[in-house]
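Working notes for the structure below.
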Amino acid sequence: MSKRITFQIAGQAGFGIKEAGIIMSRTLLNQGYFVFDYSEYPSLVRGGHNTYQATASTQPLDSFYKTIDILVALDQTTIDQDLHKLSSSGVVICDPTVCQTPEDMAERTISVPLQEITKHIQAPEIVKNTVALGATQAVLNLSLSYLLASLNRSFEAKGESILKINHQAAQEGFNFVKEKYPNAKLELEKAPSPTNQILLTANDAMSLATISAGAQAYFAYPMTPASSILHSLAKIGEKGGIIVRQSEDEIAVINNTIGASFSGIRCACGTSGGGFALMVEALGLAAITETPLVIYEVQRPGPATGVPTWTGQGDLDFVRHAAPGDFLRVVVAPGDIKEAYEMTIQAFNLAERYQIPVIVLTDKLLAESRQTVAVFDSSAVKIDHGELLDSFDENYQRYLKTDSGISPRAIPGKGEGVVRANSDEHDETGFSTEDAEVISDMVEKRARKIKLLREELPPPQVFGPKEADLTLVSWGSTKLAINQALKELEGKSVNHIHFTYVSPLPQQTEELLKRAKRLVMVEGNQSGQLTKLIREETGILIEDKILKYDGRPFYPEEIKEEVDKRIGK
Amino acid sequence: MPLNNTFATNIKPTWCPGCGNFATWAAVKNALNEMEIAPNNVLTVFDIGCGGNGNNFWATNIFHGLHGRPLPVAVGAKIANKDLTVLVSTGDGGGYGEGGNHFIHTIRSNIQLVCLAHNNQLYGLTTGQYSPSSDQGFVSKTSPTGVSEVPFNPLATAISNGGTFVARAFSNDIVHLTELIKQAIQHPGFALIDILQPCVTFNKINTAAWYKERVYKLEEVNHPVDNKEEAWKKAMEWGDKIPIGLFYKEIRPTYHQGNKVLNKEEALLNQKIKVNFEELLAEFR
């Protein structure tokens with residue numbers, strides 16, 4: 001009996017892997033398990049190799065595991081490509097007429113005639129994945145009722161006959177294993193009582209956050225892996241009273257967002273690195289016009305088209321520096337699903353309070369992986385519009401010089417006066433200027449906003465013992481693998497400093513890092529972008545770096561291995 | 001400073017004496033005054049260029065944006081607050097070249113905006129390079145042997161992409177332009193006025209006299225404004241005869257009318273989102 005198990009189902013695009021994944025995750029969630037799932041898929045509509053894996057545990061999970069305990073292979077490619085991930089006691093479920101496992105795997109291969117069963121119950125071929133899910137419940141020694149309930153959720157809308165056939169398929173798969181492989185059990189310990197949890201991706205969380213923050217419009221051009229935010233919000237759309245617009249290109253998207261924000265609504269736009277590249281000039285426009293702007297940038301490996309459906313952390317340098325001229329922006333990189341929700345809401349508050357661009361920087365790993373979290377409490381959300389005026393007269397000056405650098409903000413049409421926004425450098429009223437003193441004053445006014453901003457940004461988080469021989473440093477989604485690895489390293493002298501606010505760097509950074517005995521940076525890019533940033537701002541050079549840039553996320557197993565290498569087992 | 005019906009700030013215009021921008025500005029002022037629209041209910045989104053420098057002289061709400069990008073800003077603004085009269089001031093450079101993609105797709109949406117394209121057939125502020133609307137053979141700093149490309153046709157582009165108000169004017173005829181601007185502001189949908197404006201400093205070919213010799217009013221030849229084919233024919237006419245006036249007008253649902261939320265009585269910024277959060281969470285349980 002184990003506290004934790006990792007399941008993977010894989011096959012070609014078109015085999016319904018994605019939906020099978022949601023069904024499986026939900027099945028585990030509704031029994032009370034903590035779940036973390038992760039999918040891999042190529043940039044294709046049919047064919048290729050799609051995988052879905054989920055780690056289920058009786059304890060909270062920060063990450064999925066690479067090592068698989070149950071591998072459901074719907075084609076031979078899965079055996080060829082993923083068998084190496086199987087644990088020494090792991091099992092394979094597959095159709096013997098489709099897949100061949102190596103000789104030495106005979107004992108741990110559960111042959112289920114998926115095609116035959118599917119044909120027998122007169123189901124379309126895609127339903128073979130449901131047969132496999134049924135078989136999986138038997139191996140895990142779980143009650144089939146949760147899978148059946150999960151199938152209801154997925155297929156209710158598709159009608160009685162589809163539902164019935166899927167139930168049948170699940171039952172057949174389940175019965176087959178119970179009958180033919182009664183001893184093949186990878187039993188999972190019973191789950192703790194189900195608590196008020198939800199299971200969702202960071203994209204789901206950010207869609208919810210967009211609503212909770214009171215945004216009334218979302219603009220985007222589809223780009224993997226940000227598109228599902230656009231899809232989710234489009235579904236809510238008219239019924240929910242929000243405008244979701246797919247504009248002609250990313251330049252239109254960001255300019256739409258700026259125009260709407262200037263005119264008085266909270267709104268956001270989203271994209272990935274390549275789309276953000278097109279938005280760069282307008283990033284500066286938002287900054288110089290001091291228009292609150294929120295951008296979701298969901299990373300994938302670059303440069304250029306890069307690896308569209310895979311993950312990476314290579315855009316930090318870019319989003320921190322993009323656009324000509326010096327100006328203040330905030331870059332926040334949530335480390336898990338809860339942070340994706342909370343920090344996105346906070347992004348809107350920061351954007352309005354400081355009248356600057358705020359970029360929420362995530363990646364494919366977070367965007368498309370599901371993690372169990374406590375249900376979000378939208379009533380606890382705080383909305384801060386900053387210094388928003390509800391009236392103003394003809395003497396109003398949009399860019400009034402203040403000690404804080406923040407000028408009271410008026411909405412056009414909401415007062416007796418007029419509001420002027422200018423992409424030219426401008427005076428306090430908003431008229432274009434070429435005067436030396438006025439230019440300096442304005443540059444300094446915008447720059448001094450950083451003082452208040454720095455004071456309110458939270459410090460980096462520290463996980464593990466306060467003092468340790470080894471300190472891992474990370475940002476964004478790398479939090480997941482490291483914190484999960486720390487659970488296996490309990491008792492060892494290792495801790496973790498994690499950054500979510502990466503620009504500006506929190507003012508406690510230097511002190512925190514200096515206290516560490518030995519620093520190791522862990523990040524998903526080739527040049528060590530956070531490493532360089534830390535050196536730039538604090539002088540501290542982290543020489544020991546664990547870098548990954550193959551499109552894959554960090555795994556807790558590899559983090560543990562790297563730590564063991566350095567401080568001994 | 002106090003707002004009044006001069007729609008003018010205290011800043012002296014920096015346009016060259018004789019610039020077509022003076023005339024266009026006068027026509028806009030006249031139109032807004034005749035329609036009794038208050039300056040604080042107007043948003044003018046400016047492109048970058050000589051026309052764009054007008055942002056400092058006009059007294060309405062102002063957004064002086066990036067080169068080629070006033071249309072998407074205006075779209076965002078109109079989505080947020082449909083109660084604003086939104087005017088876009090752009091040119092043959094920003095509007096038809098740099099911002100060509102936005103030109104095409106904003107027209108398709110039929111969102112209610114007035115697009116005033118100051119068309120002087122070259123780039124003025126950057127000192128005289130050719131533009132998308134320069135005639136073939138036009139010699140400039142960047143076309144020393146004459147422009148080889150066929151000029152961009154904004155009116156034909158508008159007509160073929162669902163334009164519902166397609167017009168051209170000549171800035172010297174301020175009365176005619178004023179009338180077109182009034183109609184454009186009242187038009188429920190996207191209104192384009194391609195305004196032929198002489199650039200006295202850099203364009204020695206397409207001068208006021210050159211235009212005067214060629215322009216004729218569509219109203220005076222009984223042009224039917226509800227006929228796309230006739231409009232197209234006129235849009236393809238250029239050279240010895242240049243038609244001005246309203247080429248085509250059509251009523252079809254605007255962007256706002258096609259959206260239940262935007263079509264409400266209240267502008268979006270005065271509405272509240274009404275999403276049942278619990279319902280949204282149900283999907284993730």
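Order of the sequence lines sets the chain letters (A, B, ...), proteins ahead of strands, with each chain counted from 1. Just so it is clear, the structure is predicted and the values come from calculations on it, not from any experiment.
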Indicate whether the side chain of [X] and that of [Y] have a donor and an acceptor atom separated by less than 3.5 Å.
X      : Y      : result
A:N30  : B:R285 : no
B:H118 : B:D92  : no
A:N256 : A:S247 : yes
A:K414 : B:N270 : yes
A:Y399 : A:N422 : no
B:T178 : B:E34  : no

Identify which part of [X] has an atom lying under 4.5 Å from any heavy atom of chain B, answering side chain, backbone, both or neither.
X      : value
A:I236 : side chain
A:S432 : both
A:R153 : side chain
A:F219 : side chain
A:I251 : both
A:R420 : both
A:V375 : side chain

Check whether [X] gets within reach of chain A through its side chain, its backbone, both or neither, counting any heavy atom under 4.5 Å.
X      : answer
B:A282 : backbone
B:E278 : neither
B:I11  : side chain
B:I79  : side chain
B:L71  : neither
B:S109 : side chain
B:L268 : both

How are the rings of A:Y341 and B:F277 set relative to one another: parallel (under 30°), tilted (30 to 60°) or perpendicular (over 60°)?
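Tilted.
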
Looking only at heavy atoms and a cut-off of under 4.5 Å, which of A:I242, A:D249, A:I411, A:T291 has the most pairs with chain B?
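Top count of heavy-atom pairs under 4.5 Å with chain B: A:D249.
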
What residue among A:N203, A:D204, A:T372, A:L366 forms side-chain contact (heavy atoms from CB on, under 4.5 Å) with A:I337?
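Single pass found, and it is A:L366.
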
Under 4.0 Å between a side-chain nitrogen and a carboxylate oxygen: does that hold for A:E290 and A:R398?
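No salt bridge links A:E290 with A:R398.
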
